[in-house]
Amino acid sequence: MIKILKYGEVESADIFARSEDTMNVSDTVAEIIENVKKRGDAALFEYCERFDKAKLSSLEVMEEEIEEAFASVDEKFIDILRRAAKNIRKFHERQVRNSFIINDEDGIVIGQKVIPLDRAGLYVPGGTAAYPSTVLMDSIPAIIAGCREVVITTPPGSDGKINPVILAAARIAGVNRIFKVGGAQAVAALAYGTESIPRVDKIVGPGNAFVAEAKRQVFGRVAIDMIAGPSEILVVADGSANPAHVAADLLSQAEHDKMASAVLVTDSESLASAVSDEIERQLASLPRAEIARASIDNNGKIIVAENLSAAIEISNELAPEHLELCVDNPFDWLDKIRHAGSIFMGKNCPEALGDYFAGPNHTLPTSGTAKFSSPLSVDDFVKKSQYTYYTKQALSRVADDIAYFAEKEGLSAHARSATIRTKGDVNE
């Protein structure tokens, strides 16, 4: 049963402790990465047979496979995917940054160029599960950013095929290069390249402990989005919230995995008790009850705060991945939220709306990293270069200042590089 804690009456550690994946896979992952670096496709074929029980003749998904998969998915789901993709595009198109130029001083031009990454690699979990939502959420921002190539890796089933809904989502998003490889070996292939899989500039997307550790180990060789921890939801609810709705939202996160965290913070003891009862009632009918039960019992908690202001401060300290403001007049509280990955406003906005359909991204910072990190966005798929142009006359106006500054740092060659162009103290 979920724990009910009264803020101020228990240790802070009980309130702010969070679940952590303590599985140590670093040595195994390092070995996989090294093997892929040395042996390329040969290693990938072997890992696919060992881990996915699939004997492949080719790693890349062919166009005919994509067309066949697309045709096999029911029309209703295709329509939903298209509408979700439209919402995701509409939201992320507003994130596009423009280059700028400043030339308001005579003889001086400075500016910044926004440049898309050449190639982005997207890891999509697969095999027995399928996450077409991840395909849409991770690929559409990359395409909007203008990446020249977007590459997906996802593990196949034992039949050597990718789940059709993954391929359908990729087609709708506009991604056509998809490879049948998962796990740490997929991350290694994206980071170093193989005969079949091109090396990318950045790897994004969720995965298990092996994928997360692989991303950690290849960081620096390539960029990554984040090291994702267990998924989490925090619901701030007032006494008028519907306990059945709140319980359903907490369980929607708990069913992800046994390490997932579901937390309610409320100013109402009666709501806390009612939600606890509702969780038990709803758990009994969940197909993934065993997973949700472990999550609720080990990582779930209900925190009773003195008032909603205190509840918001608790939320800010926890900096949750998903935050639901299940309160009246949620916009009254929005400016007080400092740390959260994605905020769901009001009593009719379940976190699942953001997972699949609304448009804001569902790849979010976890484990408190929302204090300094942001959701996946178009910004993740661009970089910036700055440039400077001065005429000789413009440089002459500031050369002495530059030289003076440089001498203060003991860098005489820096100083000379400015004055040589204006003083003529060395042959020009």
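Numbers here are sequence positions counted from 1. Note that the structure is predicted; figures quoted are calculated from it, not measured.
- Counting only heavy atoms from C-beta outward, the side chains of Phe77 and Leu81 approach each other to under 4.5 Å.
- A distance of 11.5 Å separates CD1 in Ile172 from CG in Leu167, rounded to the nearest 0.5 Å.
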Begin from the C-alpha positions of Arg148 and Asp201 and carry the test salt bridge (Lys or Arg N to Asp or Glu O under 4.0 Å) through to its verdict. CA-CA 11 Å; Arg148 293 181 180 178; Asp201 301 302; over 6 Å; no
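- Rounding to the nearest 0.5 angstrom, the gap separating the CD atom in Glu278 from the CG atom in Leu283 is 11.0 Å.
- Residue pairs meeting the side chain to side chain donor-acceptor pair (under 3.5 Å) criterion with at least one member in residues 115-124, sequence neighbours excluded: Arg119-Glu149.
- Proximity of His322 to Ile343: side-chain heavy atoms (C-beta onward) are nowhere separated by under 4.5 Å.
- A distance-only check finds a donor-acceptor pair linking the side chain of Asp297 to the backbone of Met1 [under 3.5 Å].
- The main-chain N or O of Gln282 is found under 3.5 Å from a side-chain atom of Ser285 such that the two form a donor-acceptor pair.
- One finds a salt bridge joining Arg177 and Glu60 here, because a Lys/Arg side-chain nitrogen approaches an Asp/Glu carboxylate oxygen to under 4.0 Å.
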What do the steps show when you test Ile203 against Asp225 for side chain to side chain contact (heavy atoms under 4.5 Å, CB included), and what is the final call? CA-CA 7 Å; Ile203 301 171; Asp225 53 349; over 6 Å; no
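- Of the charged side-chain nitrogens involved, at least one lies within less than 4.0 Å of a carboxylate oxygen, so that Asp79 and Arg83 count as a salt-bridged pair.
- Shown here is Glu46, whose CD atom has more than 12 heavy atoms of other residues, nucleotides or ligands within 6.0 Å.
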Can you check salt bridge (Lys or Arg N to Asp or Glu O under 4.0 Å) on Glu75 and Arg82, steps first, answer last? CA-CA 10 Å; Glu75 291 185 9; Arg82 285 183 169 137; over 6 Å; no
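- Between the side chain of Glu321 and the backbone N or O of Gly341 there is no donor-acceptor pair closer than 3.5 Å.
- Looking only at distances, a side-chain donor or acceptor of Asn316 sits under 3.5 Å from a matching main-chain atom of His339.
- For Arg288 and Asp257, the salt-bridge test fails: no basic side-chain N is under 4.0 Å from an acidic carboxylate O.
- Residue Lys113 qualifies as open at atom NZ: its count of foreign heavy atoms under 6.0 Å is 12 or below.
- Heavy-atom neighbours of Gln386 CD from other residues, nucleotides or ligands within 6.0 Å: at or below the threshold of 12.
- With hydrogens and angles ignored, the 3.5 Å screen pairs no side-chain donor or acceptor of Ser276 with any backbone N or O of Ala272.
- Nearest heavy atom pair, residue Thr154 against residue Ile166, reads CG2-CG2, 4.3 Å.
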Assess the residue pair Ser240 and Lys347 against the criterion (side chain to side chain contact (heavy atoms under 4.5 Å, CB included)); give the C-alpha distance rounded to whole Å, side-chain angles, the decisive distance to 0.1 Å, and a yes or no. CA-CA 10 Å; Ser240 67; Lys347 298 177 178 178; 2.3 Å; yes
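- Expressed to the nearest 0.5 Å, how far CG of Leu325 lies from OG of Ser315 amounts to 7.5 Å.
- Here the closest non-hydrogen pair linking Gly160 and Pro156 is C-CB, 3.9 Å.
- For the atom pair CD of Glu232 and CG of Leu323, the computed distance is 11.0 Å after rounding to the nearest 0.5 Å.
- Taking a cutoff of 4.0 Å between a charged side-chain nitrogen and a carboxylate oxygen, Lys6 and Glu269 qualify as a salt bridge.
- Summarising the local packing, CD of Glu11 is surrounded by 12 or fewer heavy atoms from other residues, nucleotides or ligands at distances under 6.0 Å.
- Minimum heavy-atom separation, Cys48 to Leu56: SG-CD1, 3.4 Å.
- Looking at heavy atoms from C-beta onward, Ile15 lies out of side-chain contact with Ser12 at the 4.5 angstrom threshold.
- Within a 6.0 Å radius of OH in Tyr356, other residues, nucleotides and ligands contribute 12 heavy atoms or fewer.
- Under a 4.0 Å N-O distance rule, the pair Lys3/Asp14 does not qualify as a salt bridge.
- We find the CG-SG distance between Asp249 and Cys326 to be 6.5 Å, quoted to the nearest 0.5 Å.
- A salt bridge is absent between Glu317 and Arg338; no separation between the charged side-chain nitrogens and carboxylate oxygens falls under 4.0 Å.
- Ring-plane geometry between Tyr7 and Phe16 is classed as perpendicular, the angle between the planes exceeding 60 degrees on a 0 to 90 degree scale with a lower cut at 30.
- Within the 4.5 Å cutoff, the side chain of Val327 has heavy atoms near those of the Leu308 side chain.
- Not a single donor-acceptor pair under 3.5 Å links the side chain of Thr134 to the backbone N or O of Val124.
- Although no hydrogens or angles enter the test, the distance criterion places no donor-acceptor pair under 3.5 Å between the side chain of Lys202 and the main chain of Phe381.
- For the pair Ile108/Tyr389, no side-chain contact is recorded, criterion being any heavy-atom separation below 4.5 Å from C-beta on.
- Checked against Met226 for a side chain to side chain contact (heavy atoms under 4.5 Å, CB included), the options Thr369, Leu364, Thr363, Thr366 give a single hit: Thr363.
- Considering Ile178, Asp138, Val175 in turn, Val175 is the only one that fulfils the side chain to side chain contact (heavy atoms under 4.5 Å, CB included) rule with Val150.
- Within a 6.0 Å sphere centred on OH of Tyr387, other residues, nucleotides and ligands contribute more than 12 heavy atoms.
- Taking the side chain as every heavy atom from C-beta outward, Leu122 and Val151 never approach each other to under 4.5 Å.
- A distance of 12.0 Å separates OG of Ser231 from CE of Met259, quoted to the nearest 0.5 Å.
- Using a cut-off of 4.0 Å between Lys/Arg side-chain N and Asp/Glu carboxylate O, Glu34 and Arg39 are scored as not salt-bridged.
- Judged purely by atom type and a 3.5 angstrom limit, Ser417 uses its side chain to pair as donor or acceptor with the backbone of His414.
- Taking a cutoff of 4.0 Å between a charged side-chain nitrogen and a carboxylate oxygen, Glu280 and Arg293 qualify as a salt bridge.
- Side chain of Asn299 to backbone of Ala260: a donor-acceptor contact under 3.5 angstrom is found.
- A donor-acceptor pair under 3.5 Å is formed between the side chain of Asp159 and the backbone N or O of Lys161.
- For Phe100, the CZ atom is densely surrounded, since the number of other residues' heavy atoms within 6.0 Å is greater than 12.
- Contact of the Glu64 side chain with the Ile66 side chain is not registered, since no non-hydrogen atoms from C-beta on lie closer than 4.5 Å.
- Residue Glu93 places its CD atom among more than 12 non-hydrogen atoms of other residues, nucleotides or ligands, all under 6.0 Å distant.
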Go through the steps to decide whether Ser268 and Thr266 satisfy the test side chain to side chain donor-acceptor pair (under 3.5 Å), and finish with yes or no. CA-CA 5 Å; Ser268 169; Thr266 180; 4.8 Å; no
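- A heavy-atom distance below 4.5 Å is found between the side chains of Gln217 and Ile33.
- Between Lys258 and Ala294, the shortest heavy-atom distance links the atoms CG-CB, 3.6 Å.
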